[in-house]
Amino acid sequence: LCSVPLQVLLYANGLYFIFYFLATLTMIVYKSQVFSYPEEFLAPDLTLLLVMAVLEALRLHLGSEGNLTEEEAPLGLSLAVTVGSVILSVYFLVWQTYVLKADVILNAVLLLTYGLVSVLKVMAIAAFIR
Amino acid sequence: APETRAAAGARTRSGPAPVTDVAELCVCDLLVAQCDVNCCCDPDCSAAEFSLFTTCSVPIVTGDSRLCSQKAAVYSLDVKTNPPERIFKLIDQVNPSVFCIHATNYKQALSFPSPDMPTSENFDQLLKRFGSGSFSAEPDSWDMNPDTENPSDANETSRYEYGVPVQTVDAFLRLPSPVVSSWCSDANPAGFLVNQATKCTRSVSMEKCDTIQALSMLFYINSSILAKCHEFVFQVNITVRSIAVQSLNGMWTLPHGSDALRLPMILDALCINIVLGVTYHITYTDAGEIIEAAAAFVLGAINKETLSIQQSFEISFTQANTEPVALSGNPGYVVGLPVRAGFRPQRYPFPGEINTNKYGQLTILQSTSSQDCLAAQGARAPVLFGYNMISGCTLRITAATKCQPLTQTLLDLLKGQNFPEYVASFGNSQDQDVLDWVPITHLHTSEQRISNTFQSSCQIPVSLEIEVKWTKYGSLVNPQARIVNVTATITTTTLKQLPSGRERTIPITSSVVFTDISSPAEPGYKAWPTINAKLPFDFFFPFV
């Protein structure tokens with residue numbers, strides 16, 4: 001039986017990530033105007049944000065598919081991709097060129113969401129295996 | 001490549017590390033090891049000095065305020081306590097905005113980058129990036145070696161041009177002048193057509209007075225001047241025009257046999273014949289060639305106590321076959337130049353020209369340090385256009401002074417030996433244009449109103465006032481000064497006979513006043529256009 005809380009959380013995760021992506025992109029533009037943001041620092045930040053968006057789309061798709069078809073494999077794959085997303089989120093939390101307080105808040109919420117989703121995925125995998 | 005750049009960076013020195021601790025930063029600490037006034041963060045100040053401050057010029061020292069949380073050093077003066085104390089607090093300043101910078105991973109994010117220190121490796125690259133136009137270190141030096149004459153421009157350099165150093169056989173004609181301090185430097189060349197006058201100090205001593213070259217006449221007339229630039233064929237010897245000898249107390253005499261060369265020598269306790277001044281007169285042609293050179297010397301003497309003397313040098317250039325009459329303006333008078341004046345010689349039947357030699361200059365009495373009129377020795381000052389002047393002296397009268405000789409003496413004193421009759425209207429009035437010269441009007445006034453008709457008492461002149469009326473002439477944008485009227489007024493007073501043994505002093509004054517009588521410029525307008533509305537003659541043809 002597919003997990004309804006997981007599905008709801010995945011949906012909320014998707015919505016939040018759209019907000020996160022737009023907010024982070026806007027803030028990078030703001031930082032490039034207000035602060036000294038040379039190109040060799042701007043390019044990696046933007047690239048990683050795009051990579052993160054791609055990974056997130058993949059992760060959410062796999063997670064939703066796995067939950068709805070009650071298969072463990074996509075869910076496991078989704079968890080693996082979540083590791084990459086967590087690393088990228090930590091990058092934006094700690095290793096970005098300019099970390100504003102808003103960045104800290106956004107990334108903290110994102111990490112929290114990842115944590116919750118991951119817990120629910122593990123529970124769902126356990127339920128599907130049984 | 002980044003690795004070579006990193007390696008080069010390791011080798012280059014960098015500037016000192018920037019101070020970022022707010023407790024140690026103090027912008028108002030300008031004096032080293034001394035307390036700056038009203039600088040509360042100055043570590044050199046003691047508590048006693050803090051008590052004398054009125055405010056803190058730097059109340060807070062913080063880093064970039066966009067950081068979320070940063071340390072700030074706050075300085076303030078507590079005026080309630082007696083004596084006032086300085087309060088220093090280190091606080092955490094918090095930026096409440098959500099967009100405050102939490103952290104940065106980019107080192108130079110919030111400060112200016114330190115410039116690269118130039119080394120031999122990166123110098124060319126830095127110069128290309130930041131360098132701009134510069135001046136060459138070596139000037140185009142004159143080639144003093146006669147063997148390396150450049151044949152291509154020999155035609156151009158054979159004539160002297162304005163400013164070109166006057167060349168002599170060994171180097172160039174020297175006009176010693178002060179360079180940085182007032183000491184004489186012998187390396188100043190005289191420029192062609194550049195009239196110069198310099199004064200400088202030279203250190204002397206009795207023992208070396210005949211060995212110091214610059215004190216001897218020979219040094220200045222030794223080498224001949226080249227008539228044409230760079231050409232050694234024609235040379236002009238410098239002749240000695242005159243020698244004046246100045247004694248230790250400043251008196252000048254013109255000794256006999258002036259043309260003989262006098263070298264420094266020690267006589268009694270003095271060293272005589274040392275050069276105190278040289279005036280060169282160079283005559284040139286309009287082809288840029290020097291044809292004559294003469295030098296006038298002033299020689300003096302020094303004694304054992306003299307440690308330094310002041311030498312003065314002058315050079316003036318005159319064109320051949322011309323008389324150097326300096327114009328006082330072209331055409332209008334220039335303020336500060338002497339007013340030109342002259343006589344009209346009584347030549348019948350051609351009362352043509354005005355004779356202007358320098359004896360016909362308009363002069364007034366010059367005040368001397370001894371204010372006695374009779375000891376004035378005839379010192380006169382030229383009247384300069386635009387400068388109002390007043391001068392005078394005092395006359396001491398005893399019972400024995402006679403009227404008539406005194407009147408004549410005073411008139412000579414006030415007017416001078418050759419008081420001119422005409423004054424030039426323009427600064428460049430030529431002698432032959434009689435109409436360009438203004439006659440001087442003489443007026444006599446008396447100080448007291450003589451009530452009694454018994455005028456046998458003595459009238460002596462006591463003041464001469466020259467009033468020069470001038471106007472602006474010519475265009476509105478460049479008006480020229482033109483003298484219109486010159487009036488010389490002599491004021492006389494009665495000399496009362498003194499009882500014997502009594503003395504009286506009378507002040508004698510002479511003055512020059514320049515008055516601008518130019519009327520304000522009136523713009524000229526064209527006539528208003530009129531409407532020419534007349535009907536033709538046969539307008540109403542059939543009816544007229």
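The chains referred to below are lettered A, B, ... by the order of the sequence lines, with proteins before strands, and numbering in each begins at 1. Any value given below was found using the heavy atoms of this structure, including those in side chains, with hydrogens, waters and symmetry copies removed.
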Looking only at N and O atoms, which donor-acceptor pairs between chain B and chain A are within less than 3.5 angstrom?
unit_1, atom_1, unit_2, atom_2, d
B/Val98, O, A/Ala102, N, 3.0
B/Cys100, O, A/Lys101, N, 3.0
B/His102, N, A/Val99, O, 2.5
B/Ala103, N, A/Val99, O, 3.0
B/Ala103, O, A/Val99, N, 2.8
B/Asn105, N, A/Thr97, O, 2.9
B/Asn105, ND2, A/Val94, O, 2.9
B/Asn105, ND2, A/Trp95, O, 3.2
B/Asn105, ND2, A/Gln96, O, 2.3

Indicate yes or no: at least one non-hydrogen side-chain atom of A/Leu100 is less than 4.5 angstrom from one of B/Ile101.
yes
Heavy-atom neighbours of B/Phe99 CZ exceed 12 at 6.0 Å:
no
Which pairs pass side chain to side chain donor-acceptor pair (under 3.5 Å) with one or both residues in residues 47-60 of chain B, sequence neighbours excluded?
B/Asn38-B/Thr54, B/Ser46-B/Glu49
So, the part of B/Cys68 with a heavy atom under 4.5 Å from chain A: the answer is side chain
Contacting moiety of A/Val34, where chain B heavy atoms sit under 4.5 Å
both
Set of residues satisfying disulfide bond (SG atoms under 2.5 Å apart) with respect to A/Cys2, sequence neighbours excluded:
none
More than 12 heavy atoms of other residues, nucleotides or ligands under 6.0 Å from CG of B/Leu476: is that the case?
no
Sorted by chain and number, sequence neighbours left out, ring pair (Phe, Tyr, Trp, His ring centres under 6.0 Å) with B/Phe192 holds for B/Tyr160, B/Tyr284, B/Phe317
